[in-house]
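No hydrogens, no waters, no symmetry mates; every other heavy atom, side chains included, goes into these values. Keep in mind it's a predicted model, so treat the numbers as computed, not measured.
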Amino acid sequence: MFQVILELEAKNNLRAHYLYLQTHSPGSAYPERWYAGIRAAIRDRATTAEECGLAYEDRFFAETIRQRLHDSYKILFTIRGNRVHVLHIRHQAQNPQDLLG
């Protein structure tokens, strides 16, 4: 069992994507369903982190970067000891090299 830590960058990503969905889906229940679903997918890393494959973004970092997909979004994380660190949440259409900033 892993402890899941949502890093500040991932928190900001989560908030930004949720606000984007709210703005572009006025009156729809989709943003709330999406948010509940992605939060569940993040919590699920506590028991299934090692089952997730390497992310494309792994090639850009020395640390192993894994991914979990939710809808069209990627949850990027790394495992450090008994902790899963959620590093970034991005839409699959976003350029992965934008992470290198």
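Here Arg43 pairs with nothing under the salt bridge (charged side-chain N to carboxylate O under 4.0 Å, His left out) rule; sequence neighbours left out. Partners of Gln92 by side chain to side chain donor-acceptor pair (under 3.5 Å), not counting sequence neighbours: none found. Not counting sequence neighbours, Tyr20 has no partner by the side chain to side chain donor-acceptor pair (under 3.5 Å) test.
With respect to Arg66 and Glu50, no salt bridge is recorded, no charged nitrogen being found less than 4.0 Å from a carboxylate O.
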Are Thr64 and Asp58 close enough, and set up right, to give a side-chain contact (heavy atoms from CB on, under 4.5 Å), and what steps lead you there?
CA-CA 6 Å; Thr64 300; Asp58 176 69; 4.0 Å; yes

Walk me through it: do Gln22 and Ser28 pass the test side-chain contact (heavy atoms from CB on, under 4.5 Å)?
CA-CA 8 Å; Gln22 280 188 319; Ser28 168; over 6 Å; no

side-chain contact (heavy atoms from CB on, under 4.5 Å) between Ile5 and Val86, worked out
CA-CA 6 Å; Ile5 298 169; Val86 178; over 6 Å; no

Pair Tyr73-His17, ring-ring contact (aromatic ring centres under 6.0 Å, His included): steps then yes or no
CA-CA 9 Å; Tyr73 293 82; His17 291 305; 4.9 Å; yes

From CA spacing to verdict: side-chain contact (heavy atoms from CB on, under 4.5 Å), Ile75, Gln67:
CA-CA 5 Å; Ile75 302 165; Gln67 72 178 12; over 6 Å; no

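For the residue pair Asn13 / Tyr18, no side-chain donor-acceptor distance below 3.5 Å is found, with atom types taken as modelled.
In this structure, Arg45 contributes its side chain and Ala41 its backbone to a donor-acceptor pair below 3.5 Å. Side chain of His91 to main chain of Ala93: a donor-acceptor pair is present (N/O by atom type, distance under 3.5 Å, no hydrogens or angles).
With rounding to the nearest 0.5 angstrom, the CG atom of Leu76 is 13.0 Å from the CZ atom of Arg68. Here the CD-OG distance, from Gln94 to Ser72, works out to 11.5 Å after rounding to the nearest 0.5 Å.
By the 4.5 Å heavy-atom criterion applied to side chains, Leu14 and Tyr35 are counted as neighbours. Proximity of Glu63 to Arg80: side-chain heavy atoms (C-beta onward) are separated by under 4.5 Å at one or more points.
Trp34 and Leu6 fall within a single hydrophobic cluster, where Ile, Leu, Val, Met, Phe, Trp and Tyr are joined by side-chain heavy atoms under 4.5 Å apart, directly or via other members. Using a 4.5 Å cut-off between side-chain heavy atoms of Ile, Leu, Val, Met, Phe, Trp and Tyr, with links allowed through other members, Leu87 and Ile79 fall into different hydrophobic clusters.
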